[in-house]
Amino acid sequence: MPGSAADMTMCTALDLLQAGKLSSRDLVRGLLDRIRNSDCLTGAYVDIDEADALRQADAADAARASGARGRLLGMPIAVKDVINVEGQSCRCGSRILEGYVSPYDATAIARLRSEGAIFVGRTNMDEFAMGSSTENSALKVTRNPVNPEYVPGGSSGGSAAAVGGGEAIAALGTDTGGSIRQPAAFCGCVGLKPTYGRVSRYGLTAFASSLDQIGPITRDVRDAAKLLEVIAGLDSMDSTTADRPVPVYTDLLRDTLTGVRLGLPREYFVKGMQPEVEKAVRSAVDVCRGLGAEVVDVSLPHTEYAIATYYIIATAEASANLARFDGVRYGLRVPGAKDPVEMYGTTRAAGFGPEVKRRIILGTYVLSSGYYDAYYVCAQKVRTLIRQDFDEAFRQCDALLAPVTPTAAYRIGERIGDPLVMYLGDILTAPVNLAGICAMSVPCGKTGQGLPVGLQILGPEFGESAILRVGYAYESARIA
Amino acid sequence: MVSGVNASGGIDVAYVAHLARLKLTESEISTFQTQLRQIVSYVHKISELDLSGVEPTAFTGSIRNVFRADKVKTSLDRDRILRNAPAVVDDQFSVPRIVE
């Protein structure tokens with residue numbers, strides 16, 4: 001047993017729970033001890049209810065003793081602060097939701113709960129998931145568990161820091177332009193962004209509704225497969241969920257890549273990329289070749305337009321979605337306004353941080369009269385071209401291999417003063433959300449400074465089985 | 001009149017912020033003015049492309065209507081919803097006066 005139960009993979013811990021060699025109480029207590037020791041350093045969590053976590057663990061142990069057998073019975077899952085868990089806070093990293101208590105479970109949470117999972121705490125994030133470093137949280141600073149001088153990535157930085165730093169065995173994040181894959185890469189975890197429509201968004205506080213997806217952040221690929229097979233599937237509460245069966249992904253993992261064709265998109269090996277990142281990814285490609293995969297070059301010619309397109313579409317949708325935070329139904333209200341319009345203005349001014357305000361203004365601008373066609377409609381057309389690029393690439397191969405980010409994690413404070421530089425870091429992740437396809441980040445090495453590098457494995461719509469298979473084979477070969 | 005652009009060709013941040021019901025300070029307006037000028041000139045990059053004949057994509061995946069029988073179902077508990085509200089009067093959300 002490696003040190004403590006808090007360091008195990010989820011599937012290993014589940015086997016021990018199942019065999020009666022580990023209780024959920026001991027598992028949760030081990031994690032809470034770890035959090036008490038480490039969280040002052042990483043700042044991964046924004047809210048933890050220890051007593052409630054132990055109560056849930058005891059209930060799971062009692063259920064197992066009386067014969068219950070949920071697929072995740074007694075397993076603690078950390079949850080990004082943007083996903084509703086009944087009875088817990090859900091502040092979305094913002095001051096505007098101070099005091100809010102979720103009156104219901106998100107569908108992904110309800111599915112985990114029905115398999116016996118328990119919910120220990122809420123993880124930090126960029127406010128309303130707008131950011132790539134978790135520095136936009138209004139609640140606290142989160143640090144990279146590998147080196148506390150560095151950002152954990154974002155927006156799901158708290159979930160990735162918790163899993164990477166041994167403060168959570170597995171977590172949920174959300175990904176609108178890279179917010180699962182990039183922090184997973186920066187913190188040395190596995191992170192999977194499912195196909196749009198694979199996982200219900202009900203109970204996820206919306207940022208950009210046509211791009212958002214919930215997905216797992218885990219210690220290894222098998223754990224990601226296991227969580228995905230529980231949370232995925234049709235939901236009557238989200239009309240964009242796909243009506244197609246959810247494979248048992250964990251049954252489809254294989255050690256070899258014989259017969260698998262992998263593409264290398266040449267535009268993803270960009271100029272200005274950190275050489276150590278490119279080297280780590282290229283050696284991962286060699287490992288896949290050694291496992292029997294055929295590797296071909298492909299092109300995604302509209303990649304250079306993806307960030308411009310993404311920041312038009314995502315901010316447009318955000319400006320509409322965030323209209324709901326008006327001081328009427330929940331959260332903050334600044335008192336003293338003489339009419340509702342003044343109340344909206346003062347409440348939103350006090351409740352939102354600078355990045356959220358910047359994006360609301362950009363989004364409102366690109367939707368406003370006179371600019372709608374020039375920006376919003378044009379961006380939607382470029383989105384079509386980006387989709388077609390991927391369609392063409394996936395006619396030639398089963399999955400694509402690429403870096404997750406052009407560089408490894410950067411220092412806290414290094415990029416936060418220049419929003420455009422921060423946005424450009426999403427160049428290799430945002431196209432996936434625009435196209436609605438799936439992709440995963442798997443650790444593939446470290447820089448000379450010891451910072452993790454992520455290999456991105458991209459698959460077509462509902463190609464989760466393919467990317468999990470590639471990720472699992474690669475990970476097994478790398479560890480062996 | 002097309003509003004939203006100021007004399008210098010950037011976004012008129014004060015005007016757009018009003019549309020978005022955000023009351024900004026003078027210093028926020030001036031910071032955002034500079035930053036958004038840079039961001040808008042970057043996103044303008046998409047105008048390099050010839051987009052004639054390209055259909056827009058609003059979302060990916062299939063969209064379908066979700067129907068159910070028109071029967072009363074239990075919804076979220078009213079008291080729990082109202083507990084999150086900043087001001088409540090007679091089981092209703094309370095806001096400042098709208099009409100005289």
Residue pair [X] / [Y], side-chain heavy-atom distance below 4.5 Å:
X: A/L420; Y: B/Q35; result: no
X: B/V43; Y: A/Y375; result: yes
X: A/M343; Y: B/R21; result: no
X: A/R383; Y: B/T60; result: yes

For [X] against [Y], the heavy-atom pair lying closest together:
X: A/P419; Y: B/I39; result: CB-CD1, 4.1 Å
X: B/I81; Y: A/P103; result: CD1-CG, 3.9 Å
X: B/I46; Y: A/A374; result: CD1-O, 4.4 Å
X: A/G327; Y: B/P86; result: O-CG, 3.3 Å
X: A/E461; Y: B/G61; result: OE2-N, 3.6 Å
X: A/S210; Y: B/A58; result: CB-O, 3.4 Å

Chain A heavy atoms under 4.5 Å from [X]: which part of the residue, side chain, backbone, both or neither?
X: B/L51; value: both
X: B/I98; value: both
X: B/V95; value: both
X: B/Y42; value: both

- Query: Passes side chain to side chain contact (heavy atoms under 4.5 Å, CB included), A/V101 versus B/R83? Steps please.
  - Reply: CA-CA 8 Å; A/V101 178; B/R83 266 203 289 272; over 6 Å; no

For [X], is it the side chain, the backbone, both or neither that has a heavy atom under 4.5 Å from a heavy atom of chain B?
X: A/D418; value: side chain
X: A/L434; value: backbone
X: A/D238; value: backbone
X: A/T315; value: neither
X: A/S209; value: neither
X: A/P340; value: both
X: A/Y423; value: side chain
X: A/S319; value: neither
X: A/A350; value: neither
X: A/L234; value: side chain

Please check if the side chain of [X] supplies one atom and the backbone of [Y] the other of a donor-acceptor pair under 3.5 Å.
X: A/D339; Y: B/R97; result: no
X: A/R329; Y: B/N84; result: no
X: A/T384; Y: B/T57; result: yes
X: A/R348; Y: B/A20; result: yes

- Trace of the side chain to side chain contact (heavy atoms under 4.5 Å, CB included) decision for A/I361 with B/L24: CA-CA 11 Å; A/I361 291 168; B/L24 301 182; 3.6 Å; yes

Could you have a look at [options] and say which one has the most heavy-atom pairs with chain B under 4.5 angstrom?
options: A/K357, A/Q388, A/E342; value: A/K357
options: A/K338, A/H302, A/E304; value: A/E304
options: A/I386, A/T241, A/L332, A/L211; value: A/T241
options: A/T347, A/T240, A/V328, A/L362; value: A/V328
options: A/Y344, A/F462, A/F352, A/Y100; value: A/Y100
options: A/I307, A/T309, A/V377; value: A/I307

- Item | Leading residue by heavy atom contact count with chain A [cutoff under 4.5 Å; candidates B/L36, B/L49, B/L19] |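 Option with the top pair count is B/L49.
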
Can you tell me how far [atom2] of [Y] sits from [atom1] of [X], rounded to the nearest 0.5 angstrom?
X: A/Y330; Y: B/F93; atom1: OH; atom2: CZ; result: 8.5 Å
X: A/K381; Y: B/S52; atom1: NZ; atom2: OG; result: 8.0 Å
X: B/F59; Y: A/I313; atom1: CZ; atom2: CD1; result: 12.5 Å
X: B/F32; Y: A/I360; atom1: CZ; atom2: CD1; result: 9.5 Å

- Ion pair B/R80/A/E86, N-O distance below 4.0 Å: yes

- Does NZ or CZ of B/K45 fall inside the cone over A/Y305's six-membered ring, less than 6.0 Å from its centre and within 45° of the axis? yes

- Enclosure of B/E55 CD (heavy-atom neighbours >12, cutoff 6.0 Å): no

